[in-house]
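Each chain gets a letter, A, B and so on, in the order the sequences are listed, and its residues count up from 1.
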There are 2 protein chains.
Amino acid sequence: MSAGLAHAELIAVLAAVTGDEPRVMTIRSGDALPSGPFELAHRSLQAGLREWVSDQTGHPVGYLEQLYTFADRDRTQDESDSRTISISYLGLVREQAAPGAGKPGWHGWYEYFPWEDHRRGEPEALRAIADHLQRWAEREASRRDHRRRRIEFAFGLNGAAWNEDLTLQRYELMFEAGLVFESGGEEFVGTGRPMFADHRRILATGIARLRAKIKYRPVVFELMPESFTLLQLQRTVEALAGLTLHKPNFRRLIDSHDLIEETGDVTSETGGRPAKLFRYRHAVLEERAFSGSKLPISRN
Amino acid sequence: MSAGLAHAELIAVLAAVTGDEPRVMTIRSGDALPSGPFELAHRSLQAGLREWVSDQTGHPVGYLEQLYTFADRDRTQDESDSRTISISYLGLVREQAAPGAGKPGWHGWYEYFPWEDHRRGEPEALRAIADHLQRWAEREASRRDHRRRRIEFAFGLNGAAWNEDLTLQRYELMFEAGLVFESGGEEFVGTGRPMFADHRRILATGIARLRAKIKYRPVVFELMPESFTLLQLQRTVEALAGLTLHKPNFRRLIDSHDLIEETGDVTSETGGRPAKLFRYRHAVLEERAFSGSKLPISRN
DNA sequence: CTCCTTTATACTCGAAATGAGTATATGACG
DNA sequence: CGTCATATACTCATTTCGAGTATAAAGGAG
């Protein structure tokens, strides 16, 4: 059971939502994700990272899960022979105050992925990106069909529907096609702000995971204040998913799952009829399985 | 961006299904999961592991995904100061022949988790396990309620339904309560065969992931032969989930998703009326998004 | 050859969930 | 006081789901 030596670091994708904007914690004025040496993980990776993040940001991390471990040799341009293993985590933070101009820099994540925000209709850059990709697909006869299908699927072209979960697949296609700065191509109109090394790919992984997760686990509440209105909750989900939702049905969904309860107060800060305030019922985490079985179980 | 040095290894959870039994590839006559040094990952972790596994087992790996990276200091009894990072993978293999007595040892995974197989009703050990856990919960007044709820939820007691996805949570509870050999307790009746270090926990992680995954991605087909009957397919899913399924509804589910097509042949090896043979439609992977949106999207 | 057993495959039907839209309530403001 | 804006409550057709029943096509026993 031999084990090779390698350098190890931790990388965090910390997400918060301010107003209607999903944000990610960055360093170097938005050029990189926060990372730290592996040593900080005292007893467990989770515990170490938790501590480190709350030191760095002043916010406790509500939810933390491992994202992915990256270790490919060609991850970084740097050709040194030392292998680096990066263990990445996704954390959710209740961002309290407006972000100061200071150290922990929160940046709207659609700054890095402008084509991912469909709340105000199809982003304008999308058309051009799709065109570029399709030209790229034609360039190699042998893989043409396969590439075409991947593009149609990932970007919801030709009758396929846009699927917000495919953030990583879309980024990877654009990377392969040389459409993002990190892959050394040249066409960068509307293809978003680049990041150090493969940090943008890691961010894409985090966004994809979070978008998938909010559908079957009540993690949004880790991003909400103690009490909130239903519309605030909806706007937060919309911000994460990059989609607009159907209001009546969203409400029905939420309360059919017994996720929240009224606090008794109302707020009239929203304009119009005052909205009831709700709080998350923490008990649900233990009560309910959110992984609706889906398999046609037989009871006998 | 400092990065500490650590030992790194890869660990594989390779699953196959023979007949109605789900199996896992082991070494040391079933005492450990196969693992190898990190170096084998030449260009990418995936590619390296693929190559290594097919060398070791003679079977190509159909599907491979990263499972989890373990790096806690207290993972192993060994008190040396060197940190080891274990990157684990889940792989699906079409096991061709009956497993020889030779090197790659395939072991039925319910040998390690007898309480996880509910196909023939509730396993007998479950009652005793639940009792032990409940006594353990009572032992500490402060955490009693929390523990009780975790137990009820994970094991489907008190009105909660059994959820096959919670394999890892169940193992972890049993570990905490000292019910498994690896945690140094004493009561081991019906608590399954132990494994080296934390390999059984890793296996539990793999089983849980696979059980969750078969519900929303067509990965079962990676375990099936080229052509198969609907009942064979159902039996395979049942083996993985440890549950029996409702036959008519299972069929409806499968063909409502257009996952398979008839080969044109039939087999009468099943006894009774001959069954049509089907094959997997590989195209679906690209066509369809299996992550049914679940969010009430508004189209405007 | 006929009936019985066994497995395969095809329907049925009510209940629940979902997509889409409409109607009413309640504040603020001019 | 009416109008604007938002909140909240219903409605209704359609689809999906859980559960069960009915028919088809083999092999084997007698």
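- Computed from coordinates, the A:I254 CD1 to C:dA17 P distance equals 15 Å when rounded to whole Å.
- By the 4.5 Å heavy-atom criterion applied to side chains, B:R119 and B:D20 are counted as neighbours.
- Between the side chain of A:R279 and the main chain of A:E261, no donor-acceptor pair closer than 3.5 Å is present.
- Between the side chain of A:E262 and the backbone N or O of A:K276 there is no donor-acceptor pair closer than 3.5 Å.
- To the nearest angstrom, C1' of D:dC17 lies 14 Å from CG of B:L245.
- To the nearest angstrom, P of D:dC17 lies 10 Å from NZ of B:K294.
- Between A:L14 and A:V24, every side-chain heavy-atom pair lies at or beyond the 4.5 Å cut-off.
- Across the protein-nucleic acid pair, A:R252 atom CZ and C:dG19 atom P stand 8 Å apart, rounded to whole Å.
- In this structure a side-chain-to-backbone donor-acceptor pair under 3.5 Å is missing from A:R94 to A:G62.
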A correct 5'-to-3' footprint of nucleotides 1-8 of chain C, with B, S and - meaning base, sugar-phosphate only and no protein heavy atom under 4.0 Å, is -----BBB
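- Of the candidate nucleotides D:dT8, D:dT11, C:dT9, C:dT9 has the atom nearest to the side chain of B:L230.
- One atom, CG of A:L233, and another, P of D:dT8, lie 12 Å apart when rounded to the nearest Å.
- A:E269 has its CD atom 12 Å from the P atom of C:dA28, to the nearest Å.
- Test B:L210, B:V219, B:L223 against B:Y63 for side-chain contact (heavy atoms from CB on, under 4.5 Å) and you get one pass: B:V219.
- For B:P248, the listed nucleotide lying nearest its side chain is C:dC11; candidates were C:dA20, C:dC11, C:dC13.
- Between the CZ atom of A:F250 and the C1' atom of C:dA17 there is a distance of 17 Å, given to the nearest Å.
- Place A:S268 and A:N249 on DNA chain C by their nearest nucleotides, and A:N249 ends up nearer the 5' end.
- A straight line from NE2 of A:H246 to C1' of D:dT8 spans 14 Å, rounded to a whole angstrom.
- Side-chain atoms of B:E116 never come within 3.5 Å of backbone atoms of B:Y110 as a donor-acceptor pair (strictly under, hydrogens ignored).
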